[in-house]
Amino acid sequence: MNPSKQTVAEISIGGLERVAELDGLRGVAVLLVVLFHYFVQHIQSQPETLAAYLLKYASILWIGVDVFFVLSGYLVGGIVLEKIGSERFFRVFYLRRFLRIAPPYLLLLLAYAFLYLVWRATGREGAAWLFENQFSFWAYFFYLQNFCMALGGSFGGNFTSDTWSLAVEEQFYVLFPLLIYWCPPKRLIWILIGLILLAPLIRVFFYYQWSNHGLPQFVLLPSRWDSLLLGVVGAWIVRQRAVREFWVRHWLKLRWSMAISAIGVAALPLL
C-alpha cells in the first residue's frame, strides 16, 4: 500500500513486532562487514590505478558496522521506550538480552578455549595468528575486551578480535535503560541529541590522546554511541503522533530526500 494513502493508525511505529525489512537491512549490514574484512582489507593494488580507486571506493563497506549499531539502537530503544514503566522491566529486559546473546557467545568462547589448548599442545605455526597477542580470557566473559584493545593498542588474537562490537552493544544495553529511567521524558530527546553531538568530540580527544593508534576512538562505547543513539532517536521520533502525520503528508518528498542522502553517502569515498 502506498504510505501516502495510509492513515496514521495504519503506520507501524516500529514497536515490538518483528519487521522483515529491518531483518533484511541487518543482513545487508553483516554482508558489508564480511566483504570488507575478507576482501577489501586483503587486496593489494598499485597506486593511481583503476584497481586502487575501486579499492578506495569499496572502503565504504566499513559502514556496515554503523548500520548495525543504528538498527540495534532503534530496535532496543523501541523496546525500552515502550516498556520502561512496566512492572519488573529491568529484570525481564536484562534476562532477555542475556538469553538472546549469551548462549552463542559462550559457545564461541568455549570453542576458542578448546582450540587454544589444542594449539598450545601441538604448536602449529599456521594457527598462531589466531591466538597470539590475546588478552585475558576473562575479559571476554564480562564484555570488557574493547577496553583491553583500546589500552593495548591491538585487537588481540584474530579468533576473537571482532567481538569488540558485541562488547559495545552489551555495554549500551546495560546503561541505556538506566538513562531512560532516570531522564525526565521531556528532556530525553535533547539529552540524546547532546550525547550524539558529543561523540565526535570524544573521538577527537581519543585521537590526540592516543595518536600512536586509533583504537580508542574505534572500539569504545562513547566513541560509537552516536550510531546507537541515532537509532534510539529514530525509535523516539516514530512514536510521536505529529511526526507520523507529517510522514503521511510528505511521504514522497521524504523518499526523495532519503534517496539524495544515500547518493551523498555513496560519494564519500571519492572525497
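Keep in mind that what you see is a predicted model, and the values were worked out from it rather than measured.
From Ile237, atom CD1 reaches atom OH of Tyr74 across 10.0 Å, with rounding to the nearest 0.5 Å. From Phe159, atom CZ reaches atom OH of Tyr112 across 8.5 Å, with rounding to the nearest 0.5 Å. Here the CG-OG1 distance, from Leu109 to Thr163, works out to 7.5 Å after rounding to the nearest 0.5 Å. Interatomic distance, CZ of Phe176 versus OG of Ser72, reported as 12.0 Å (0.5 Å rounding). Between the CZ atom of Arg97 and the CD atom of Glu169 there is a distance of 9.5 Å, given to the nearest 0.5 Å. Residue Arg88 holds its CZ atom at 12.5 Å from NZ of Lys83, rounded to the nearest 0.5 Å.
Counting all heavy atoms, side chain and backbone alike, Pro222 lies closest to Ala199 at O-CB, 3.7 Å. Looking at every heavy atom in both residues, Val67 comes nearest to Ala29 through CG1-CB, 3.8 Å. Taking both residues in full, the closest heavy atoms of Pro177 and Phe172 are given as CD-O, 4.1 Å, listed atom of the first, atom of the second, then distance. Phe155 and Met149 make their closest contact through O-CE, 3.6 Å (heavy atoms, listed as atom of the first residue, atom of the second, distance). Of all non-hydrogen atoms in Asp66 and Ser227, the two that sit nearest each other are OD1-OG, 2.7 Å. Among all heavy-atom pairs drawn from Val232 and Gly73, the shortest one is CG2-O, 3.4 Å.
By the neighbour-count criterion of 12 heavy atoms within 6.0 Å, atom CZ of Phe141 is densely surrounded, having more than that number from other residues, nucleotides or ligands. Other residues, nucleotides and ligands contribute over 12 non-hydrogen atoms within 6.0 Å of the OH atom of Tyr94. Atom OH of Tyr181 sits in a sparse spot, with 12 or fewer heavy atoms from other residues, nucleotides or ligands closer than 6.0 Å. A 6.0 Å sphere centred on CZ of Arg249 holds more than 12 heavy atoms belonging to other residues, nucleotides or ligands.
Taking the six-membered ring where tryptophan is involved, the planes of Phe137 and Tyr140 are tilted, since the angle between them lies from 30° to 60°.
Residues Val33 and Phe68 have side chains not in contact (no heavy-atom distance under 4.5 Å, counting atoms from C-beta outward). You'll find the side chain of Glu170 reaches within 4.5 Å of the side chain of Leu166, heavy atoms only. Between Ser165 and Phe69 the shortest side-chain heavy-atom distance falls below 4.5 Å.
Residue pairs meeting the ring pair (Phe, Tyr, Trp, His ring centres under 6.0 Å) criterion with at least one partner in residues 217-245, sequence neighbours excluded, are Trp164-Phe218. Note on residues 195-206: pairs passing side chain to side chain donor-acceptor pair (under 3.5 Å), not counting sequence neighbours, are Arg203-Asp226.
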- Message: What verdict does the ring pair (Phe, Tyr, Trp, His ring centres under 6.0 Å) test give for Phe36 and Trp62, after you've listed the backbone C-alpha separation in whole Å, the side-chain angles of each residue and the deciding distance to 0.1 Å?
- Response: CA-CA 6 Å; Phe36 179 78; Trp62 63 263; 8.1 Å; no
- Apply side-chain contact (heavy atoms from CB on, under 4.5 Å) to the pair Leu178 and Phe90, showing each step before the final yes or no. CA-CA 9 Å; Leu178 300 176; Phe90 288 100; 3.8 Å; yes
- Worked check of side-chain contact (heavy atoms from CB on, under 4.5 Å) between Val168 and Asn146: CA-CA 7 Å; Val168 168; Asn146 59 331; 3.9 Å; yes
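Taking the six-membered ring for Trp, Tyr143 and Tyr105 have ring centres closer than 6.0 Å.
Remark: Glu82 engages Arg239 in a salt bridge, criterion side-chain N to carboxylate O under 4.0 Å.
Side-chain contact annotation: Gln217 with Ser223, donor-acceptor N/O pair under 3.5 Å absent.
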Could you list the donor-acceptor pairs under 3.5 angstrom formed between side-chain atoms of residues 183-196 and any protein atom two or more places apart in sequence or on another chain?
none

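Tested against Tyr173 for a side-chain contact (heavy atoms from CB on, under 4.5 Å), the candidates Ile101, Val80, Leu228 yield a single pass: Ile101.
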